[in-house]
Amino acid sequence: MRLAVLASTALAFLAFAVTAHAADPVVIGQVKTVTAPTHIERDGDSLAAAVGSAVYQSDVIVTGAGGSVGITFKDNSLFSAGPDSRIALEQFRFDSSKMSGNFLASVEKGTLSVDSGDIARGSPDAMKIKTPSAILAVRGTAFLIKVGEN
Amino acid sequence: MAAGQLLARTLAALVILTCGACAQRDLFVVVPDSDGHIGSITVSKPDGTGGRTLNTAYAAASASESGVEDTEVSQQEVETTFGQAIAARPVPPRKFVLYFLSDSENLTPDSIAKFEEVFADIARRPVYEVEVVGHTDRAAEDRYNDPLSLQRAERVRQMLVDRGLEWDHIFATGRGERDPAIPTDDGVHEPLNRRVEVDVR
């Protein structure tokens, strides 16, 4: 009996926690520049990106032939991708009062220009970018990545 | 015999084609940021080993299955390869600081002039987000300074809205005396701590 109550309380709590999480996604950045075709893949949908579009953790940014996109994140880092690119924003957490957090992105294909922000001023492990052949640790700089160069 | 040669050549061609198509080679180049500053990136194999650190302008590395090696790229190659990505860069974020008169939510005369610069910077952006964070000096108690810091931030937000900027793109918060620009003892008046920091992106 007591166990059942406990179990149902735990379930209710879990349901609440999951709902609360789903209902309150944290905006991590904003699209500032865009040339079509550019899409944001989110929860199985593919949404056309527009200037002003919000960007969330776990979004995948996709540009097609001739497409490009520029995004400014909450920690003031800047990403801009050239045509035929695919970039997964795997993890982004930033505490603006402590000016620290962590940022993990994966460039699956294409070109990306990065200007790092407040997160990359912290520990060398705070901002990382993966490509198919490498992983980068970023310390306060601008840099360029091209994936799949022959 | 001839058929064997043909087969060998075809196979050789296939091998070259296949490797050409499957060779994964990623390129990394450090460039100066919008302020001309250069930091560093460390490029490692996916398992984190074999890292090379790049910390000068246009230093480059390439990574493939065999590991990470230094390489060279000309500025011309950078422009050809990354031109469209670079052209899509957002306007860089900017930070401003505005100062207040003692125990007041009114800006100092210098900061009234500076406010025009803040407004102009925001207004030139196609889309913007502005964070206004208010602060006080340590001349009074927290229960007084917390609301004062927020009132300062709200005042600057209202000034921006009065000039036609959008209310819901501007966020105001107050941090009381907790984050002084100049650390002082409690109870000390310090003009440089009576401020709002405006983060424009």
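Letters A, B, ... mirror the listed sequences (proteins, then strands); counts begin at 1.
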What I'd like to find out is whether the side chain of B/Gln84 reaches to under 4.5 Å of the side chain of A/Thr63, using heavy atoms alone. no
Measure B/Asn55 against the heavy atoms of chain A and call it side chain, backbone, both or neither at under 4.5 Å. neither
Given a strict heavy-atom distance threshold of 4.5 Å, which part of B/Val78 is in contact with chain A: side chain, backbone, both, or neither? side chain
May I have the step-by-step check of side chain to side chain contact (heavy atoms under 4.5 Å, CB included) for B/Leu27 and A/Ile145, ending in yes or no? CA-CA 6 Å; B/Leu27 175 68; A/Ile145 297 176; over 6 Å; no
For B/His37 and A/Ala142, indicate whether the former's side chain and the latter's backbone hold a donor-acceptor pair under 3.5 Å. no
Other residues, nucleotides and ligands only: do more than 12 of their heavy atoms fall within 6.0 Å of CD on B/Glu141? no
Would you mind checking which part of B/Tyr58 comes under 4.5 Å of any heavy atom in chain A, side chain (CB onward), backbone (N, CA, C, O), both or neither? neither
Residue selection (most heavy-atom pairs with chain A, distance under 4.5 Å) from B/Pro32, B/Pro46, B/Ala63, B/Gly51: B/Pro46
Is any side-chain heavy atom of A/Leu78 closer than 4.5 Å to a side-chain heavy atom of B/Pro93? yes
Side-chain contact, heavy-atom cut-off 4.5 Å: A/Ile135 with B/Ser44? yes
At a heavy-atom separation under 4.5 Å, does B/Ser34 approach chain A through its side chain, its backbone, both, or neither? both
Tell me which of these, A/Ser68, A/Pro83, A/Gly52, has more heavy-atom pairs under 4.5 Å with chain B than the rest. A/Pro83
If you tally heavy-atom pairs under 4.5 Å against chain B, which of A/Gly140, A/Ala134, A/Ser133 wins? A/Ser133
With side chains defined as the heavy atoms from C-beta onward, is the minimum distance between B/Ile86 and A/Ser80 less than 4.5 Å? no
To the closest 0.5 Å, what do you measure between CD1 (B/Ile41) and CG (A/Leu136)? 4.5 Å
More than 12 non-hydrogen atoms from neighbouring residues, nucleotides or ligands closer than 6.0 Å to CD on B/Glu72, yes or no? no
Got a second to check how far B/Asp179's CG is from A/Lys98's NZ, nearest 0.5 Å? 11.0 Å
Under 4.5 Å from a heavy atom of chain B, the part of A/Ile71 involved: backbone
Side chain proximity check, B/Thr42 to A/Arg139, heavy atoms < 4.5 angstrom: yes
Under 4.5 Å from any heavy atom of chain A, what part of B/Phe82 do you find: side chain, backbone, both or neither? side chain
Within 6.0 angstrom of B/Glu65 CD, more than 12 heavy atoms from elsewhere: no
Between A/Thr72, A/Asn76, A/Val69, who has the most heavy-atom pairs with chain B when the cutoff is under 4.5 Å? A/Asn76
Got a second to check how far B/Asp26's CG is from A/Lys109's NZ, nearest 0.5 Å? 13.5 Å
Specify which of A/Asp115, A/Val34, A/Val51 makes the most heavy-atom pairs with chain B at under 4.5 Å. A/Asp115
Heavy atoms of B/Pro90 and A/Thr33 approach each other most closely as CA-CG2, 4.2 Å
Flag side-chain contact, heavy atom, 4.5 Å: B/Val29 against A/Phe143: no
Compare all side-chain heavy atoms of B/Arg89 with those of A/Lys32 and state whether any distance is below 4.5 angstrom. no
Considering only heavy atoms from C-beta outward, does the side chain of A/Lys74 approach that of B/Glu129 to under 4.5 Å? yes
Sort B/Arg178 into side chain, backbone, both or neither according to what part of it lies under 4.5 angstrom from a heavy atom of chain A. neither
When the 4.5 angstrom heavy-atom criterion is applied to A/Val107 and chain B, the contacting part is neither
Approximate separation, where rounding is to 0.5 Å, of A/Ser116 OG and B/Asp33 CG: 7.5 Å
Among B/Pro126, B/Pro92, B/Gly67, B/Ser64, which residue forms the greatest number of heavy-atom pairs with chain A at distances under 4.5 Å? B/Ser64
Please flag which part of A/Ala81 lies under 4.5 Å from any non-hydrogen atom of chain B: side chain, backbone, both or neither. backbone
